[in-house]
Chemist: 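Just passing along the structure, written as structure tokens.
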Amino acid sequence: MIVLSALAVAVGTVTALAAIAFVDAVNWLNDALLISPRVRVQLEDQRLLVVAVTVLVPTLGGLAVGMMLRHLSPERRPLGPPDAIRAAQTRTAPPSARAGVVSTLAAVLALGCGASVGEYGPMVYLGALVGGVAARLNARIGNLRTIAIACGVAAAISTAFNAPIAGLVFAHEVILRHYSIRAFAPTTVAAATGFVVANVVFHRPALFLVDFGGVQHGYEFPVFAVVGVLAALVAVTFMRLILTTAALAERWRIPASLRPALAGLAVGVVALGLPDVLGIGTEALRFATIEGAFVPWELALLLVAKIGLTALCLGWGFAGGVFSPSLLIGILFGALVWSGLDGALGLATSGLVVYAICGMMALTSAVIGAPLATILVVFELTHNYDLTIAAMVSVVFSNLLSYQLFGRSLFDVQLAQQGVDLSAGRDRAMLDGMPVTACMGEDVPRADTGEPVGAVLDRLTAAGRAEAVVTDADGCYVGMLRVQDARAREHETAGAVARVGEVVLHRETTVWGAMQALKGFVGDAAPVVDDDGRLIGMVTEAAVIGAYLDTMRDLRREEHEGP
């Protein structure tokens, strides 16, 4: 625990410093490239320059991002929370450090150029990258890499939101998905370290400040539940649109390096009339909690534009996250609902703030699959208990519906599309990622197709075996010769007697796939063949069952281990 605590402090410190540098670099680029609202206000008399910058900067930035990912990253794509989840849940090696650094720099450039993406997703992966590098220390601690990744993620969220408790819970709720004390203790230390570095050393400002006096009417709590249900529908639409745009880009065969540029062009054109779509929209996020800052039609227009452009940017390969856009989309939606209640219906309410926050957290929690963490973010950002309770109602109903309509989160669905399905449990995902070739061991007697059956039976009797695998002269699998089938055909060849149509596994078959294929199987072992049909080994049922039991035992030990 001393080693883990020291590691957590180191990972938390480095992640916090890296996250702060990430945000400052984005802000500097926004100012230098004339993207930030503060700078653009000062250029009102240079309309031509503003128009040129608005269109060209996101477009050229997208081109640069596409080229970076295409030619510098081994993965050739941006990395994000799904990659951290995969590494933690399946214990597979995460993408290389080079791919992580390139993805992070591409995200800085994308955000700095005004792409409609978020900064928290890249910061989460940045924390996972730091944790993964730190885990290379030979400390002889079980599950060190998984714990270190969780520490980095917790520190990143803690630094980003000034919310150490939310960072801790997010790491366990989204990345680890268990609360073993061995992981909980260092993750807590890392989250606290990130908070101290950001809030005590550097005095980072809060995301926004609100003033809320409490819920004034009891009937508003059912309304908060309705807000959650409606937010879930918006969230599901948003997530499906992201997946659809990505599929369309593949179907239209648009070169991967050009997709971000085309998305940036769309952002720039829309931003000529609606500049709030540029970047993460921090100013719009803050103004959305102020009554009168936006009229209803402006909220609706910005809401639709942000959903469409974010889906386009993320689906077409811009490096960036979905967390920040979800916050903005949710807060705009909540403010729009309040406008309808207060204006169109004339319903007495407790003010704009509570509905904006409820919409923001209900939609965001459905997208990222972290209801507990988002509830805690509200409390740590606002320090308002009444506001947290209201948001909790919306979050619960939002997640109940979005889970049924879409799934646990956008991250989980993206992983499922990549072949890592976590909906059936972590054990299923690990077995689905484990090749059956790892279980090959016990050898089964072999026979050539032209060998007399009598000779094969003599060898089987001497070895005390009941079957032999038959291969041709090229080593390709032909079938299985079983003693009970061959007793009356001793004068024939093995190839003529070999039973075909038995279970045949392939090199790419996983342990989970082998378990499904071997249901009802009768025999000593099943053959494993290569793509060209060559026999590469045999796998017994006992070996497959043993791999399953070892995986289950290892997972239970990790999820319940003490310090």
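Values in this document were obtained by computation on a predicted structure and should not be read as measured data. Atoms considered below: every heavy atom in the structure, side chains included; atoms not considered: hydrogens, waters and symmetry mates.
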Chemist: Taking Glu250 first and then Arg259, would you say they form a salt bridge - that is, a charged N and a carboxylate O separated by under 4.0 Å?
Modeler: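 Looking at Arg259 together with Glu250, the answer is yes, because their closest N to O distance falls below 4.0 Å.
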Chemist: Does either side chain, that of Ser180 or that of Glu558, offer a donor lying less than 3.5 Å from an acceptor on the other one?
Modeler: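 Absent: no donor and acceptor within the cut-off.
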Chemist: Between Leu168 and Ala191, what is the shortest heavy-atom contact and its length?
Modeler: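 For Leu168 and Ala191, the tightest heavy-atom pair comes out as N-CB, 4.1 Å.
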Chemist: Going from CZ on Arg182 to CG on Leu144, what distance comes out if it is rounded to the nearest 0.5 angstrom?
Modeler: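 That separation rounds to 10.0 Å.
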Chemist: With the threshold set at 4.0 Å, does a side-chain nitrogen-carboxylate oxygen contact exist between Arg177 and Asp412?
Modeler: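 A salt bridge is present here (some side-chain N lies under 4.0 Å from a carboxylate O).
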Chemist: Report yes if the distance between the aromatic ring centroids of Phe161 and Phe323 is under 6.0 Å, otherwise no.
Modeler: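 Aromatic pair counts; centres sit under 6.0 Å.
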Chemist: How close do Ser394 and Ala362 get, heavy atom to heavy atom, and via which atoms?
Modeler: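 Scanning both residues completely, I find the closest heavy atoms to be O-CB, 3.7 Å.
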Chemist: So, do Phe224 and Phe397 have ring centers that fall under 6.0 Å from each other?
Modeler: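 Aromatic pair excluded; centres sit 6.0 Å or further apart.
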Chemist: Assess whether a salt bridge exists between Asp24 and Arg204, defined as any Lys/Arg side-chain N lying under 4.0 Å from an Asp/Glu carboxylate O.
Modeler: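 The answer is yes: the pair qualifies as a salt bridge.
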Chemist: Indicate whether the side chain of Thr374 and that of Thr364 have a donor and an acceptor atom separated by less than 3.5 Å.
Modeler: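 There is no such pair between these side chains.
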Chemist: Measure across Asp83 and Pro78 and return the closest heavy-atom pair with its distance rounded to 0.1 Å.
Modeler: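 Smallest heavy-atom distance, with atoms named: OD2-O, 4.4 Å.
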Chemist: Is Glu173 salt-bridged to Arg408, cutoff N-O under 4.0 Å?
Modeler: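 No, no charged N to carboxylate O under 4.0 Å.
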